[in-house]
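Below, each value reflects all heavy atoms present in this structure, side chains not excepted, and no hydrogens, waters or symmetry copies.
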Amino acid sequence: MRIRIQNILFFIALLGLFIPIGVQYTPMHKFISPLNGVFNKTDTLTFSIEKWTNKSWQSNRSLVLKNNLKIKPAVVRLGHEMDFRLFNEFHMADLLVGKDGFLFSESWAKARNSESTFNQDSLTVFIEKLAYLQKLLKQRGKYFKLIIPPSKEALFAEKLPAALENESTNSDYSLLSKSLKKHAVNYWDLKDFYQNAVDTSTYPIYSKTSVHWTSYGAHFTLLKLLRDMNRFFDNKMAVLKTKKFNTSLFKAGDGDHETTLNLLSRIDNQPFAYPNYMVDSSNKNQFKPKVITIGDSYYWALKGCWMLPYIYTKDSKYLYYFSKVHYNNSIQKAHSISTLDLVEELKSSDALIIINSSHNLSGFPYGFENYIDALISALEQP
């Protein structure tokens, strides 16, 4: 009996050795979801005597075997799941595990807790120019708003490790806020609004395992922004309305930290709310503004409502970190801003929106400062 069990176990182990081959060369790999995050594949080197001699070909074959196996996502997820469940270990860069299982961005937590990275003189010069640009835009009937959503680290500071709970009085966020207020720049600091919302909401506005606000959390800023813009344009824009809220386990970016951990199971199993929108375009004098948005990754949840192409012009653009252009349509692919006439794009727009979370300000405004003088000159012309 004992020998029989050993034989069975032997054949099971032998069969396990052939599973990677079966996945690699049969359609089985189609049932394995790709890994989330950055996982580069290795290009195959062509064989040559020289590459064989210096062993670069052998090293390449080893990397190809390691990185390009189609079973790799399943193996990685299994390893990550075991490390998390057995040892509470995570495999992810820039991850900070706080109290009660809250996940944070380590760099954003440290930015909140640290001295500012801004050059004070350069910041002052830019904000002074931004205030003047705001004036010129208003004179020409163009909408302007700077929006500062609170980072998760700001709203859940009590869940951070004790050494990072307190915010520096000279953080990037503090200095920027003071400068914007001093120079009367039209901005929204949404920290108090979202603090109240988090304390009273039934559904997650920021979740335990996300980096950003949820779709439900971004929903409130989306409606606030569109209402404000519509009032500016004499209520001629199409109106976004909420038909109902659907609930489910988190989707897409609502658990972005957790998704990037590449586990087999979920950590956050609470219900999330997802707005179901409709656009009321019954106004015969409907006006679609061309909107240029400059911002960080907090804008994705606003753009992700998929309704903005019905409200903005299709050539409206999102300048992600003022580096990459994303269009307000599903036709044009994203590309570098280097191919745009940025001054003309900004001059011809009806609205300029800058959105940046409170503790992701390193490098802000990401190069826009290099174009603001030319934009001011263009708007000063009759």
Side-chain angles (χ1 to χ4, degrees), residues 29-30 32-44 67-68 70 73 93-94 142-143 145 147 149 210-215 218-219 221-222 225-226 229 237-238 240 251-257 259-260 262 274-275 277 279 281 288-357 360 363-372 374-375:
H29 67 268
K30 295 180 180 179
I32 300 177
S33 300
L35 293 170
N36 296 290
V38 179
F39 292 88
N40 295 323
K41 288 191 174 182
T42 301
D43 294 329
T44 303
N67 296 331
N68 297 4
K70 293 175 182 177
D94 194 38
K142 300 176 185 291
Y143 179 87
K145 189 71 66 179
I147 304 172
S210 68
V211 187
H212 307 90
W213 51 18
T214 62
S215 299
H219 160 81
T221 293
L222 175 66
L225 174 62
L226 292 178
M229 196 183 302
M237 291 172 56
L240 185 66
K251 302 176 184 177
D254 281 0
D256 43 13
H257 255 328
T259 302
T260 311
N262 290 302
Y274 292 94
Y277 294 113
V279 173
S281 54
K288 283 190 172 184
K290 176 182 176 181
V291 181
I292 301 296
T293 304
I294 301 170
D296 67 358
S297 50
Y298 265 69
Y299 184 68
W300 288 120
L302 304 182
K303 193 175 188 296
C305 74
W306 306 114
M307 306 305 291
L308 293 182
Y310 303 100
I311 301 171
Y312 299 168
T313 62
K314 291 189 176 180
D315 66 335
S316 294
K317 298 173 180 67
Y318 169 39
L319 308 184
Y320 181 50
Y321 285 103
F322 206 71
S323 173
K324 197 168 187 178
V325 183
H326 294 266
Y327 289 84
N328 190 43
N329 59 62
S330 58
I331 301 170
Q332 293 166 282
K333 293 183 178 180
H335 59 81
S336 169
I337 66 168
S338 61
T339 59
L340 289 182
D341 183 340
L342 287 166
V343 173
E344 184 56 37
E345 285 286 346
L346 292 163
K347 182 183 176 183
S348 64
S349 67
D350 301 298
L352 173 62
I353 298 165
I354 301 174
I355 179 168
N356 207 108
S357 56
N360 180 36
F364 177 86
Y366 313 116
F368 178 48
E369 69 274 18
N370 298 324
Y371 292 86
I372 196 167
L375 178 58

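Rounded to the nearest 0.5 Å, atoms OH (Y371) and CG (L340) are 9.5 Å apart. Interatomic distance, CD1 of I294 versus CD1 of I337, reported as 8.5 Å (0.5 Å rounding). Separating the OG atom in S338 from the NZ atom in K324 is a distance of 11.5 Å, to the nearest 0.5 Å. Annotation: the span from K317 atom NZ to H326 atom NE2 amounts to 13.0 Å, rounded to 0.5 Å. From L240, atom CG reaches atom OH of Y310 across 11.5 Å, with rounding to the nearest 0.5 Å.
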Would you tabulate the side-chain donor-acceptor contacts of residues 300-308 under 3.5 Å, counting partners in other chains and residues two or more places apart, or write 'none'?
unit_1, atom_1, unit_2, atom_2, d
K303, NZ, Y327, O, 3.3
W306, NE1, G304, O, 3.0

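Using modelled atom types, one side-chain atom of E369 and one backbone atom of G367 make a donor-acceptor pair closer than 3.5 Å. In this structure a side-chain-to-backbone donor-acceptor pair under 3.5 Å is missing from N329 to P309. K290 places no side-chain N or O within donor-acceptor distance of the main-chain N or O of D315, the cut-off being under 3.5 Å. In this structure a side-chain-to-backbone donor-acceptor pair under 3.5 Å is present from Y274 to K251. The backbone N or O of T313 sits less than 3.5 Å from a side-chain atom of S316, completing a donor-acceptor pair. D254 contributes no side-chain N or O that, together with a main-chain N or O of S210, makes up a donor-acceptor pair within less than 3.5 Å.
Nearest heavy atom pair, residue P365 against residue F322, reads O-CB, 4.2 Å.
The closest side-chain heavy-atom distance from L352 to K142 is not below 4.5 Å. Contact check for P289 versus Y143: no side-chain heavy atoms found under the 4.5 Å cut-off. Using a 4.5 Å heavy-atom threshold, the side chains of F368 and I354 count as touching. Between I292 and L319, the closest side-chain pair of non-hydrogen atoms falls below 4.5 Å. Looking at heavy atoms from C-beta onward, K314 lies out of side-chain contact with I331 at the 4.5 angstrom threshold. Looking at D350 and K288, their side chains never come closer than 4.5 Å, going by heavy atoms from C-beta outward. Side-chain contact between N328 and V291 is absent, with no heavy-atom pair separated by less than 4.5 Å. At least one side-chain heavy atom of M229 sits less than 4.5 Å from a side-chain heavy atom of I353.
In this structure, F364 and Y366 have perpendicular ring planes: the angle between them is above 60°, well past the 30° mark. The aromatic rings of Y299 and Y318 are tilted relative to each other, their planes meeting at an angle between 30° and 60°.
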- For L342 and L375, what are the C-alpha separation, side-chain angles and deciding distance, and is it a side-chain contact (heavy atoms from CB on, under 4.5 Å)? CA-CA 9 Å; L342 287 166; L375 178 58; over 6 Å; no
- List the steps, then state whether side-chain contact (heavy atoms from CB on, under 4.5 Å) holds for T221 with Y298. CA-CA 11 Å; T221 293; Y298 265 69; over 6 Å; no
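A 6.0 Å sphere centred on OH of Y321 holds more than 12 heavy atoms belonging to other residues, nucleotides or ligands.
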